[in-house]
Each structure stands twice: as C-alpha cells, then as structure tokens.
K.L.:
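Got a structure for you, written out below as structure tokens; questions coming shortly.
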Amino acid sequence: MAIDPDILIDWFAEQGRDLPWRRAECTPWGVLVSEIMLQQTPVARVRPVWEEWLERWPRPSALAAAAQGEVLRAWGKLGYPRRALRLHAAAEVIARDHGDVVPSDVDTLLALPGIGVYTARAVAAFGYGKRAPVVDTNVRRVVARAVHGAGDAGPASNTRDLADVEELLPDRDAPAASFSAALMELGALVCVARGPRCADCPLHADCAWQHAGRPAYTGPAKPVQRFAGTDRQVRGLLLDVLRGTAEPVPKERLDLVWSKAGQRDRCLDSLLVDGLVEQTPDGRFALPGEY
DNA sequence: TACGCGTGGGG
DNA sequence: TCCCCAAGCGT
C-alpha cells in the first residue's frame, strides 16, 4: 500500500513541531549539528544544547578551532560523547577542505567522520532541500505498518529500507524533502513504538496495518540494551568526573567512581584509546586537547 | 550482521 | 521497580 504524499505533507504543515533546526534561517551546519545530536537522543534533551552550540560555534571553522575538551564539556550529558569528537573532526575537514561549507552531496557527506547513511541523507534533504531517501527508526516503523501491514519494522537492512522509501518519495526535490521530514515526524508523534495514536493519524484510511487488523509484531525480538554495571556506565561515570573539573585529576580520584578495579582500569584504557581522555606528562587524567 | 557505545524519561 | 525506548555509527 502506498502513502499519499499530499495528505502526509499537509499533516506535517499543520501538526509538525516548530523545532529550531527546521526554521528557514537555520543553516545546513545547524542541521548537521542537530542530526548528530539527535542520534539516539531525544529532542527535548537536544534542543537546549543545540541552541548553545549554534550560538557559540555558528560555523564549522568555529567549532574546529575549539579544544576537544571544551567540545566534550559543551556536549554535556547528551550521551555517546564519541559523537562530539567526530563532529569536531568533521568540522575540521569541512573548514579545511570544503571552504567552511557543509557539503550537499551525499557521497561527500558520507566521507566525513560520524556521518553515516542516515545523517548524510538527512543533511542533503533537510539542509539543502534535496530529494534523498531518509531512513531512520521512525521511517522504518511507519513504512512497516502503513505500507507492509506489519506491527513493527524488523531488523534494519540498508538496501531494502532505502529501496522501500525510494519508491514512496515524490519526484521533485522540495516535495520529497517535505515528505521525508513528514514521515519521520509521523513516526515520532503518532506512529510511535508503544501505543500508536491511530485515531490521530492522517494515514488511517489507507494504512495497511489497519486494514490487516493491526496484527502484533512477529519478527525477531530486538536485543535488549542493558546499562547498569556495563562498561558504558563506568565510562560515563569516569567522563563525568573529568567534565566537572578544570584541572587534571589523579587516578585515585577516578578510582572512587567504581569499586571493581579491573573494570575501572579497562574502561579508563578504552577511553584513552578512543581519544576521550588524555594523560598529562605528570600522570594525571583530563579531557583531551587542553594540556 | 551483531555488537558496543551514554543518558534519562515515561509506561 | 524495571524495562523499553530515543532522528545511528563504526568495527
């Protein structure tokens, strides 16, 4: 079953959220920053940080000139701080090799650190108004239901998912970009993972899932992401100490955050390997690029 | 393809 | 409480 672009785009015009990175005056750089921050992180937590970043670093070259440690502090508790480091690295490349202008071409974007299949297409579509299939978790869920009549999307498959959306996408650039934004917004506001609000859905009449009687999802269960007790938690605790101190700290200070010495040391090592932490010549630890 | 990677809010 | 989930990426 297909999706009527006009119905979806009209719904988006009326019901879509007024987010700062969607305003007409937002630059492609602002769009790129938003897309990186929004990877696995909810809009409500991103918005205030995005505002600070765009004020402080309105162009890629401005971010590129900042120290990594400052960037990580400004990232705060958005999570997955490697994203901040990669965005900083991408800004350096954009400033140096692309005249401080975010590329509009999908393949050029894909070559930048931290920019993958989703983000490259999102920047092309939302930053430059181009026609490019944009597939995120929301889009996959909406397509699974409205088009395929399934309760939810199965495991991601780049080739398949992109082909699915390619078929739905309007031909011209501007409507295609609006359609992509609308599809994502529908998944974020109405066709949500738990408790979809079908009564409010503009696609209700033509939804394959509705017509099939809203069958439950039958595919493989999604892997559970545990957190308590994992290295991810310990790394987060270690980084939180370093974000909160102006001066490098001795290892004894870091030892306080987690009782298991083996796991603690493994995590500190991995943070050093990832470039999220640096050791000073006197053996203390700090965020990178400041000492 | 499967896994590791932060953090916090809502049901 | 606990569990699920949130605009993915790199390996």
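Per chain, numbering begins at 1; letters A, B, ... match sequence-line order.
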K.L.:
Quiz question: going by heavy-atom distance under 3.5 Å, is there a donor-acceptor pair between the base of dG6(B) and the side chain of T41(A)?
P.N.:
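Looking at the base of dG6(B), it does pair with a donor or acceptor on the side chain of T41(A) (distance under 3.5 Å).
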K.L.:
Ignoring hydrogens and angles, are the base of dC5(C) and the side chain of R194(A) linked by a donor-acceptor pair under 3.5 Å?
P.N.:
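There is none.
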K.L.:
May I ask you to decide whether R284(A) forms a salt bridge with E252(A), counting only side-chain N to carboxylate O separations under 4.0 Å?
P.N.:
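Looking at R284(A) and E252(A), the cut-off is not met.
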K.L.:
Tell me whether E247(A) is salt-bridged to R253(A), with the criterion being a basic N under 4.0 Å from an acidic carboxylate O.
P.N.:
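Judged by the 4.0 Å cut-off on N to carboxylate O distance, E247(A) and R253(A) do not form a salt bridge.
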K.L.:
Looking at S157(A), does any N or O in its side chain come under 4.0 Å of the phosphate oxygens OP1/OP2 on dT1(B)?
P.N.:
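Answer no for this pair, as no side-chain N or O of S157(A) is under 4.0 Å from OP1 or OP2.
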K.L.:
Could you give the CZ-to-C1' distance, from R232(A) to dG10(C), as a whole number of Å?
P.N.:
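For the pair R232(A) CZ and dG10(C) C1', the rounded distance is 15 Å.
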K.L.:
Measure the distance from CG on L110(A) to C1' on dC9(C) and round it to the nearest whole Å.
P.N.:
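Those two atoms, CG and C1', are 11 Å apart.
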K.L.:
Please report, rounded to the nearest Å, how far the C1' atom of dG8(C) is from the OH atom of Y80(A).
P.N.:
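The distance from OH of Y80(A) to C1' of dG8(C) comes to 9 Å, rounded to the nearest Å.
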K.L.:
When you check the gap from the basic side-chain N to the acidic O, do R160(A) and D164(A) get nearer than 4.0 Å?
P.N.:
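Here R160(A) pairs with D164(A) in a salt bridge, since their nearest N and O are under 4.0 Å apart.
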K.L.:
Judged by each residue's nearest nucleotide on DNA chain C, which is more toward the 5′ side, M184(A) or I115(A)?
P.N.:
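It is M184(A) whose nearest nucleotide is closer to the 5' end.
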K.L.:
Look at all strands and tell whether W75(A) reaches a base, only sugar-phosphate, or nothing, counting heavy atoms closer than 4.0 Å.
P.N.:
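The residue W75(A) makes no contact with any strand.
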K.L.:
In whole Å, I'd like the distance from the CG atom of N158(A) to the P atom of dG8(C).
P.N.:
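Distance, rounded to whole Å: 13 Å.
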K.L.:
Rounded to whole angstrom units, what separation is found between the CG atom of L38(A) and the P atom of dA6(C)?
P.N.:
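My rounded result for the distance is 13 Å.
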K.L.:
Would you say R141(A) places a side-chain N or O within less than 4.0 Å of OP1 or OP2 belonging to dA6(C)?
P.N.:
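Answer is yes, contact under 4.0 Å.
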K.L.:
Does a side-chain N or O of Q39(A) approach OP1 or OP2 of dA7(C) to a distance below 4.0 Å, or not?
P.N.:
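So the side chain of Q39(A) is outside the cut-off, no N or O lying under 4.0 Å from OP1 or OP2 of dA7(C).
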K.L.:
Take atom CZ of R86(A) and atom C1' of dC5(B), then tell me their distance rounded to the nearest Å.
P.N.:
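In whole Å, dC5(B) C1' lies 9 Å from R86(A) CZ.
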K.L.:
Please determine if a side-chain N or O atom of K222(A) lies less than 4.0 Å away from the OP1 or OP2 oxygen of dC5(C).
P.N.:
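Checking dC5(C) against K222(A), no side-chain N or O comes under 4.0 Å of OP1 or OP2.
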K.L.:
What is the distance from CZ of F126(A) to C1' of dG8(C), rounded to the nearest Å?
P.N.:
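After rounding, the reported distance stands at 14 Å.
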K.L.:
Given that P155(A) and R82(A) both sit by DNA chain B, which one's nearest nucleotide is further toward the 5' end?
P.N.:
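Its nearest nucleotide lies further toward 5', so the answer is P155(A).
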K.L.:
Could you give the CD-to-P distance, from Q225(A) to dT7(B), as a whole number of Å?
P.N.:
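Whole-Å distance recorded here is 14 Å.
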K.L.:
Can K77(A) and D240(A) be counted as an ion pair, charged N to O under 4.0 angstrom?
P.N.:
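Salt bridge flag = yes for D240(A) with K77(A).
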K.L.:
Under 4.0 Å, heavy atoms only, any strand: does T137(A) hit a base, just the sugar-phosphate, or nothing?
P.N.:
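Contact class for T137(A): sugar-phosphate only.
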K.L.:
Contact class for D231(A) (heavy atom, under 4.0 Å): base, sugar-phosphate, or nothing?
P.N.:
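Sugar-phosphate contact only.
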K.L.:
Reckon V139(A) touches a base, only the sugar-phosphate, or nothing at all at heavy-atom distances under 4.0 Å?
P.N.:
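Since no nucleic acid heavy atom lies under 4.0 Å of V139(A), the category is nothing.
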K.L.:
Do any side-chain nitrogens or oxygens of R226(A) fall under 4.0 Å of OP1 or OP2 in dC3(C)?
P.N.:
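It does, given that an N or O in the side chain of R226(A) lies less than 4.0 Å from OP1 or OP2 of dC3(C).
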